[in-house]
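All remarks here apply to the structure that follows.
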Amino acid sequence: MDYGKVIQNIYEDLKSCWGKGKVADYIPALAKVDPRQYGIAIETLDGQSFQVGDAEVCFSIQSISKVFSLAMVTRHMGDQIWKYVGREPSGNPFNSLVQLEYEQGIPRNPFINAGALVVTDRLMTLYDHPKDAILEFVRSICGNDDIYYDKNIARSERTHADRNMALGYLMKSFGNMENDIEAVIDVYCHQCAIAMSCRDLSKAFLFLANHGLNPINQEQILSVSQAKRLGALMLTCGFYDESGDFAFRAGLPGKSGVGGGVAAYIPGNLAITVWSPELNRHGNSYIGMETLEHFTTDISNSIF
Ligand code: GLN
(Lines give C-alpha, C1' and ligand atoms only; values in the text may rest on other atoms or scores of the structure.)
Protein backbone atom coordinates (compact mmCIF):
# COMPACT_ATOMS: atom_id res chain seq x y z
CA MET A 1 0.00 0.00 0.00
CA ASP A 2 1.47 3.36 -1.06
CA TYR A 3 0.36 5.42 1.93
CA GLY A 4 2.44 8.36 0.71
CA LYS A 5 0.34 8.64 -2.43
CA VAL A 6 -2.93 8.15 -0.51
CA ILE A 7 -2.23 11.00 1.92
CA GLN A 8 -0.88 13.25 -0.83
CA ASN A 9 -4.18 12.90 -2.72
CA ILE A 10 -6.26 13.51 0.40
CA TYR A 11 -4.15 16.56 1.24
CA GLU A 12 -4.69 18.07 -2.21
CA ASP A 13 -8.46 17.40 -2.01
CA LEU A 14 -9.09 18.68 1.49
CA LYS A 15 -6.98 21.84 1.40
CA SER A 16 -10.08 23.40 -0.14
CA CYS A 17 -11.82 22.96 3.25
CA TRP A 18 -9.76 25.74 4.83
CA GLY A 19 -12.18 28.32 6.18
CA LYS A 20 -14.92 25.82 7.09
CA GLY A 21 -13.87 25.56 10.74
CA LYS A 22 -12.76 28.04 13.38
CA VAL A 23 -9.57 28.16 15.46
CA ALA A 24 -10.11 27.76 19.23
CA ASP A 25 -10.17 31.21 20.80
CA TYR A 26 -11.06 30.53 24.44
CA ILE A 27 -7.33 30.03 25.00
CA PRO A 28 -5.98 33.35 23.63
CA ALA A 29 -2.58 31.97 22.58
CA LEU A 30 -4.30 29.34 20.41
CA ALA A 31 -6.32 32.05 18.64
CA LYS A 32 -3.03 33.43 17.27
CA VAL A 33 -2.11 30.24 15.41
CA ASP A 34 -2.19 30.56 11.60
CA PRO A 35 -5.36 28.65 10.66
CA ARG A 36 -4.20 27.65 7.18
CA GLN A 37 -1.91 24.83 8.17
CA TYR A 38 -2.41 21.16 7.44
CA GLY A 39 -0.12 18.19 7.93
CA ILE A 40 -0.43 14.40 7.90
CA ALA A 41 2.12 11.86 9.18
CA ILE A 42 2.01 8.07 9.19
CA GLU A 43 4.38 5.72 11.01
CA THR A 44 4.01 2.02 10.33
CA LEU A 45 5.01 -0.83 12.61
CA ASP A 46 7.36 -2.11 9.94
CA GLY A 47 9.34 1.13 10.14
CA GLN A 48 8.05 3.20 7.23
CA SER A 49 7.14 6.88 7.56
CA PHE A 50 5.14 9.10 5.27
CA GLN A 51 4.44 12.82 5.58
CA VAL A 52 2.69 15.54 3.69
CA GLY A 53 2.20 19.29 4.31
CA ASP A 54 3.00 20.71 7.74
CA ALA A 55 3.76 17.32 9.29
CA GLU A 56 6.97 18.52 10.99
CA VAL A 57 5.55 21.72 12.48
CA CYS A 58 5.10 21.61 16.28
CA PHE A 59 1.62 22.44 17.57
CA SER A 60 -0.17 22.34 20.90
CA ILE A 61 -1.35 18.76 21.49
CA GLN A 62 -3.99 19.84 24.06
CA SER A 63 -6.34 16.94 24.88
CA ILE A 64 -4.26 14.37 23.02
CA SER A 65 -2.09 14.58 26.16
CA LYS A 66 -4.93 12.88 28.06
CA VAL A 67 -3.96 9.59 26.40
CA PHE A 68 -0.42 9.91 27.75
CA SER A 69 -1.44 10.87 31.30
CA LEU A 70 -3.93 7.98 31.40
CA ALA A 71 -1.27 5.55 30.15
CA MET A 72 1.10 6.74 32.90
CA VAL A 73 -1.51 6.38 35.62
CA THR A 74 -2.60 2.97 34.31
CA ARG A 75 0.98 1.71 34.59
CA HIS A 76 1.02 2.57 38.29
CA MET A 77 -2.52 1.99 39.40
CA GLY A 78 -4.00 -0.57 37.01
CA ASP A 79 -7.72 -0.95 37.68
CA GLN A 80 -7.58 1.24 40.80
CA ILE A 81 -8.03 4.32 38.60
CA TRP A 82 -11.64 3.29 37.86
CA LYS A 83 -12.64 4.18 41.41
CA TYR A 84 -12.08 7.82 40.49
CA VAL A 85 -13.32 8.03 36.92
CA GLY A 86 -15.84 6.17 34.73
CA ARG A 87 -15.50 4.71 31.26
CA GLU A 88 -18.72 5.57 29.46
CA PRO A 89 -19.16 8.16 26.72
CA SER A 90 -20.59 11.40 28.10
CA GLY A 91 -22.49 12.67 25.07
CA ASN A 92 -21.60 16.16 26.32
CA PRO A 93 -19.01 18.76 25.32
CA PHE A 94 -15.50 18.25 26.69
CA ASN A 95 -15.76 21.00 29.31
CA SER A 96 -19.32 20.36 30.50
CA LEU A 97 -20.23 20.60 34.19
CA VAL A 98 -23.78 19.24 34.04
CA GLN A 99 -23.30 15.49 34.56
CA LEU A 100 -20.75 15.94 37.29
CA GLU A 101 -23.13 17.04 39.99
CA TYR A 102 -25.70 14.31 39.22
CA GLU A 103 -22.94 11.71 39.24
CA GLN A 104 -21.42 12.73 42.58
CA GLY A 105 -18.17 14.16 41.22
CA ILE A 106 -17.15 11.01 39.32
CA PRO A 107 -16.50 12.06 35.70
CA ARG A 108 -17.93 9.88 32.95
CA ASN A 109 -14.56 9.12 31.33
CA PRO A 110 -10.88 10.14 31.40
CA PHE A 111 -11.02 12.16 28.15
CA ILE A 112 -13.52 14.86 29.08
CA ASN A 113 -11.81 17.64 31.02
CA ALA A 114 -13.20 16.57 34.41
CA GLY A 115 -11.90 13.03 33.92
CA ALA A 116 -8.51 14.24 32.74
CA LEU A 117 -8.22 16.48 35.82
CA VAL A 118 -8.82 13.45 38.05
CA VAL A 119 -6.09 11.57 36.18
CA THR A 120 -3.70 14.52 36.57
CA ASP A 121 -4.55 14.67 40.28
CA ARG A 122 -3.53 10.99 40.55
CA LEU A 123 -0.26 11.73 38.71
CA MET A 124 0.49 14.44 41.25
CA THR A 125 0.03 11.98 44.07
CA LEU A 126 2.21 9.39 42.30
CA TYR A 127 5.11 11.66 41.31
CA ASP A 128 7.13 14.26 43.24
CA HIS A 129 7.76 16.16 39.98
CA PRO A 130 4.76 15.38 37.78
CA LYS A 131 5.60 17.93 35.05
CA ASP A 132 9.06 16.41 34.61
CA ALA A 133 7.61 12.89 34.65
CA ILE A 134 5.03 13.66 31.96
CA LEU A 135 7.60 15.24 29.65
CA GLU A 136 10.03 12.39 30.22
CA PHE A 137 7.33 9.82 29.41
CA VAL A 138 6.27 11.55 26.19
CA ARG A 139 9.90 12.03 25.10
CA SER A 140 10.67 8.38 25.70
CA ILE A 141 7.68 6.93 23.85
CA CYS A 142 8.37 8.93 20.68
CA GLY A 143 12.15 8.86 20.98
CA ASN A 144 12.54 12.64 20.77
CA ASP A 145 14.24 14.44 23.67
CA ASP A 146 13.45 17.84 22.16
CA ILE A 147 9.73 17.66 23.01
CA TYR A 148 8.92 20.68 25.22
CA TYR A 149 6.20 22.56 27.06
CA ASP A 150 5.12 25.68 25.19
CA LYS A 151 5.18 27.99 28.20
CA ASN A 152 3.32 30.73 26.38
CA ILE A 153 0.33 28.44 25.72
CA ALA A 154 0.46 26.99 29.25
CA ARG A 155 0.39 30.50 30.74
CA SER A 156 -2.40 31.63 28.44
CA GLU A 157 -4.60 28.67 29.36
CA ARG A 158 -3.72 28.99 33.05
CA THR A 159 -4.98 32.58 33.14
CA HIS A 160 -8.25 31.60 31.40
CA ALA A 161 -8.94 28.36 33.25
CA ASP A 162 -12.06 29.38 35.17
CA ARG A 163 -14.18 26.52 33.89
CA ASN A 164 -11.56 23.88 34.57
CA MET A 165 -11.08 25.38 38.05
CA ALA A 166 -14.83 25.07 38.58
CA LEU A 167 -14.70 21.40 37.54
CA GLY A 168 -11.79 20.84 39.92
CA TYR A 169 -13.46 22.46 42.92
CA LEU A 170 -16.76 20.69 42.26
CA MET A 171 -14.96 17.34 42.28
CA LYS A 172 -13.01 18.36 45.38
CA SER A 173 -16.32 19.03 47.14
CA PHE A 174 -17.26 15.40 46.42
CA GLY A 175 -13.91 14.18 47.75
CA ASN A 176 -12.64 13.14 44.31
CA MET A 177 -9.56 15.41 44.16
CA GLU A 178 -6.67 15.01 46.57
CA ASN A 179 -4.28 17.80 45.64
CA ASP A 180 -4.51 21.58 45.62
CA ILE A 181 -6.77 22.54 42.68
CA GLU A 182 -4.58 25.45 41.52
CA ALA A 183 -1.60 23.10 41.40
CA VAL A 184 -3.56 20.42 39.49
CA ILE A 185 -4.71 23.01 36.93
CA ASP A 186 -1.13 24.19 36.52
CA VAL A 187 0.12 20.68 35.70
CA TYR A 188 -2.91 20.07 33.45
CA CYS A 189 -2.30 23.31 31.50
CA HIS A 190 1.30 22.23 30.99
CA GLN A 191 0.44 18.74 29.74
CA CYS A 192 -2.03 20.30 27.28
CA ALA A 193 0.70 22.74 26.15
CA ILE A 194 3.15 20.03 25.08
CA ALA A 195 4.35 20.95 21.59
CA MET A 196 4.73 18.09 19.10
CA SER A 197 4.57 17.56 15.36
CA CYS A 198 2.34 15.10 13.51
CA ARG A 199 5.41 12.95 13.06
CA ASP A 200 6.22 12.92 16.81
CA LEU A 201 2.63 12.07 17.68
CA SER A 202 2.42 9.21 15.22
CA LYS A 203 5.60 7.78 16.75
CA ALA A 204 4.16 8.28 20.23
CA PHE A 205 1.02 6.34 19.27
CA LEU A 206 2.90 3.38 17.80
CA PHE A 207 2.99 1.52 21.12
CA LEU A 208 -0.82 1.54 21.09
CA ALA A 209 -0.89 0.17 17.53
CA ASN A 210 1.57 -2.48 18.77
CA HIS A 211 -0.61 -3.71 21.68
CA GLY A 212 1.37 -1.86 24.37
CA LEU A 213 4.91 -2.71 23.23
CA ASN A 214 6.90 0.29 22.00
CA PRO A 215 8.57 -0.76 18.73
CA ILE A 216 11.00 2.17 19.04
CA ASN A 217 12.75 0.92 22.20
CA GLN A 218 11.10 -2.48 22.81
CA GLU A 219 9.65 -1.32 26.13
CA GLN A 220 6.34 -2.86 27.22
CA ILE A 221 4.53 0.41 28.10
CA LEU A 222 1.16 -1.21 28.81
CA SER A 223 0.02 -4.82 28.96
CA VAL A 224 -1.91 -6.12 25.95
CA SER A 225 -5.10 -5.88 27.97
CA GLN A 226 -4.39 -2.31 29.14
CA ALA A 227 -3.63 -1.24 25.56
CA LYS A 228 -6.91 -2.79 24.40
CA ARG A 229 -8.79 -0.84 27.04
CA LEU A 230 -7.10 2.46 26.20
CA GLY A 231 -8.02 1.91 22.55
CA ALA A 232 -11.62 1.11 23.44
CA LEU A 233 -11.84 4.33 25.45
CA MET A 234 -10.48 6.33 22.55
CA LEU A 235 -13.02 4.78 20.20
CA THR A 236 -15.96 5.46 22.51
CA CYS A 237 -14.90 8.74 24.18
CA GLY A 238 -11.94 10.23 22.27
CA PHE A 239 -13.98 12.87 20.42
CA TYR A 240 -16.46 13.84 23.18
CA ASP A 241 -19.97 14.28 21.81
CA GLU A 242 -18.70 13.46 18.33
CA SER A 243 -17.19 10.08 19.30
CA GLY A 244 -19.98 8.03 17.75
CA ASP A 245 -19.74 10.01 14.55
CA PHE A 246 -15.97 9.58 14.34
CA ALA A 247 -16.30 5.82 14.87
CA PHE A 248 -18.98 5.78 12.19
CA ARG A 249 -16.94 7.79 9.72
CA ALA A 250 -13.34 6.72 10.35
CA GLY A 251 -13.68 3.49 12.34
CA LEU A 252 -10.50 4.02 14.34
CA PRO A 253 -9.50 4.58 17.96
CA GLY A 254 -8.17 8.13 18.19
CA LYS A 255 -7.92 11.31 20.20
CA SER A 256 -8.38 14.95 19.29
CA GLY A 257 -7.25 18.22 20.86
CA VAL A 258 -8.40 21.82 20.49
CA GLY A 259 -4.99 22.67 19.00
CA GLY A 260 -6.37 20.95 15.87
CA GLY A 261 -4.52 17.64 16.16
CA VAL A 262 -6.08 14.20 15.73
CA ALA A 263 -4.00 11.08 16.41
CA ALA A 264 -5.37 7.63 15.56
CA TYR A 265 -4.15 4.13 14.77
CA ILE A 266 -4.91 0.82 13.11
CA PRO A 267 -3.94 -1.96 15.56
CA GLY A 268 -1.12 -4.14 14.28
CA ASN A 269 -0.43 -1.76 11.43
CA LEU A 270 0.16 1.99 11.78
CA ALA A 271 -0.39 5.28 13.59
CA ILE A 272 -1.57 8.39 11.75
CA THR A 273 -1.76 12.00 12.93
CA VAL A 274 -3.43 14.92 11.20
CA TRP A 275 -3.15 18.54 12.21
CA SER A 276 -5.18 21.47 10.99
CA PRO A 277 -6.10 24.16 13.54
CA GLU A 278 -9.62 25.04 12.43
CA LEU A 279 -12.19 23.20 14.57
CA ASN A 280 -15.75 22.07 13.98
CA ARG A 281 -18.53 22.87 16.48
CA HIS A 282 -17.56 19.92 18.72
CA GLY A 283 -14.01 21.27 19.14
CA ASN A 284 -12.43 18.67 16.84
CA SER A 285 -10.30 19.55 13.81
CA TYR A 286 -12.60 19.99 10.83
CA ILE A 287 -10.02 18.87 8.28
CA GLY A 288 -8.60 16.27 10.69
CA MET A 289 -11.91 14.43 10.96
CA GLU A 290 -12.47 14.59 7.19
CA THR A 291 -8.95 13.35 6.49
CA LEU A 292 -9.29 10.25 8.65
CA GLU A 293 -12.64 9.37 7.12
CA HIS A 294 -11.13 9.64 3.65
CA PHE A 295 -8.04 7.71 4.70
CA THR A 296 -9.78 4.58 5.99
CA THR A 297 -12.20 4.69 3.05
CA ASP A 298 -9.38 5.02 0.49
CA ILE A 299 -7.26 2.21 1.96
CA SER A 300 -10.34 0.01 2.71
CA ASN A 301 -9.02 -0.68 6.20
CA SER A 302 -10.12 0.28 9.70
CA ILE A 303 -10.80 -1.72 12.86
CA PHE A 304 -14.10 -2.92 11.36
N1 GLN B 1 -6.67 22.45 27.44
C2 GLN B 1 -7.98 22.33 26.86
C3 GLN B 1 -9.05 22.60 27.90
O4 GLN B 1 -8.94 22.18 29.00
C5 GLN B 1 -8.11 20.96 26.29
C6 GLN B 1 -9.45 20.72 25.64
C7 GLN B 1 -9.38 19.93 24.37
O8 GLN B 1 -8.34 19.81 23.73
N9 GLN B 1 -10.51 19.44 23.95
O10 GLN B 1 -10.04 23.23 27.62
Side-chain angles (χ1 to χ4, degrees), residues 21-33 58-70 85 89-98 100 107-121 123 131 134 138 149-171 177 181-196 198 201 204 233-234 236-243 245-246 254-264 273-289:
K22 203 173 157 294
V23 171
D25 55 8
Y26 73 100
I27 300 173
L30 285 182
K32 296 198 184 114
V33 173
C58 286
F59 62 91
S60 187
I61 70 168
Q62 292 295 318
S63 285
I64 300 173
S65 69
K66 296 169 181 174
V67 174
F68 304 138
S69 54
L70 182 61
V85 60
S90 73
N92 281 315
F94 63 83
N95 55 3
S96 173
L97 279 146
V98 291
L100 206 51
R108 270 290 170 102
N109 67 67
F111 294 147
I112 50 173
N113 284 10
L117 289 170
V118 166
V119 170
T120 301
D121 182 56
L123 276 182
K131 281 190 216 168
I134 294 168
V138 174
Y149 289 124
D150 184 328
K151 295 277 179 191
N152 186 35
I153 301 230
R155 211 176 305 115
S156 179
E157 179 166 12
R158 180 66 195 85
T159 47
H160 293 81
D162 304 317
R163 186 173 273 262
N164 284 331
M165 297 279 281
L167 288 167
Y169 281 115
L170 185 58
M171 291 190 286
M177 291 289 266
I181 299 302
E182 303 248 353
V184 176
I185 299 290
D186 182 58
V187 174
Y188 172 79
C189 290
H190 275 80
Q191 72 174 66
C192 289
I194 293 174
M196 291 172 84
C198 291
L201 273 168
L233 284 166
M234 278 191 254
T236 53
C237 312
F239 298 82
Y240 321 110
D241 50 341
E242 200 179 12
S243 298
D245 203 49
F246 183 75
K255 185 74 203 79
S256 63
V258 288
V262 183
T273 304
V274 188
W275 171 57
S276 189
E278 292 180 341
L279 308 180
N280 65 20
R281 67 191 172 86
H282 301 282
N284 299 316
S285 170
Y286 184 95
I287 289 182
M289 305 295 270

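Just the heavy atoms: all of them, side chains too, but no hydrogens, waters or symmetry mates, feed the values below. Just so you know, ligand 1 is whichever comes first in the structure, and atom 1 is the first atom listed for that ligand.
Of the N or O atoms in Phe94, none lie within a sub-3.5 Å distance of an N or O in ligand 1. At under 3.5 Å, a nitrogen or oxygen of Glu157, whether backbone or side chain, sits near a nitrogen or oxygen of ligand 1. Considering backbone and side-chain atoms together, Lys66 places no N or O closer than 3.5 Å to any N or O of ligand 1.
Closest to atom 4 (O) of ligand 1 by heavy atom, among Tyr240, Phe239, Tyr188, is Tyr188.
Without hydrogens or angle criteria, Ser285 side chain to Ser276 main chain gives a donor-acceptor distance under 3.5 Å. Formation of a donor-acceptor pair under 3.5 Å by the Trp275 side chain with backbone atoms of Cys58 is not found in this model. For Asn113 (side chain) and Ala116 (main-chain N/O), no donor-acceptor pair under 3.5 Å exists by modelled atom type. Under a 3.5 Å cut-off, the side chain of Gln62 and the backbone N or O of Cys192 do form a donor-acceptor pair. Side-chain atoms of Asp25 never come within 3.5 Å of backbone atoms of Pro28 as a donor-acceptor pair (strictly under, hydrogens ignored).
In this structure, Leu170 CG and Leu117 CG are separated by 11.5 Å, a value rounded to the nearest 0.5 Å.
Only the side chain of Asn164 comes within contact range of ligand 1, with a heavy atom under 4.0 Å; no backbone atom does. No part of Arg163 comes within 4.0 Å of ligand 1, judged by heavy-atom distances.
Note on ring orientation: taking the six-membered ring where Trp is involved, the planes of Tyr26 and Phe94 are tilted (angle from 30° to 60°).
Applying the 4.0 Å criterion to heavy atoms of Asn113 picks out, from ligand 1, the atoms 3 (C), 4 (O), 6 (C), 10 (O). Close contacts of ligand 1 with Cys192, meaning ligand atoms under 4.0 Å from a residue heavy atom, involve 1 (N). The atoms of ligand 1 that sit less than 4.0 Å from any heavy atom of Gly257 are 8 (O).
At a 4.0 Å cut-off, not a single heavy atom of Asn95 sits close enough to ligand 1 to count as contact.
Contact of the Lys131 side chain with the Asp186 side chain is registered, since non-hydrogen atoms from C-beta on lie closer than 4.5 Å.
In terms of protein heavy-atom proximity, atom 10 (O) of ligand 1 is nearest to Tyr26 OH, 2.5 Å. For atom 2 (C) of ligand 1, the closest non-hydrogen atom of the protein is Gln62 OE1, 3.1 Å. The single protein non-hydrogen atom nearest to atom 5 (C) of ligand 1 is Ser63 OG, 3.2 Å, given as residue, atom name and distance.
Heavy-atom minimum distance, Ile64 versus Lys255: CG1-O, 3.6 Å.
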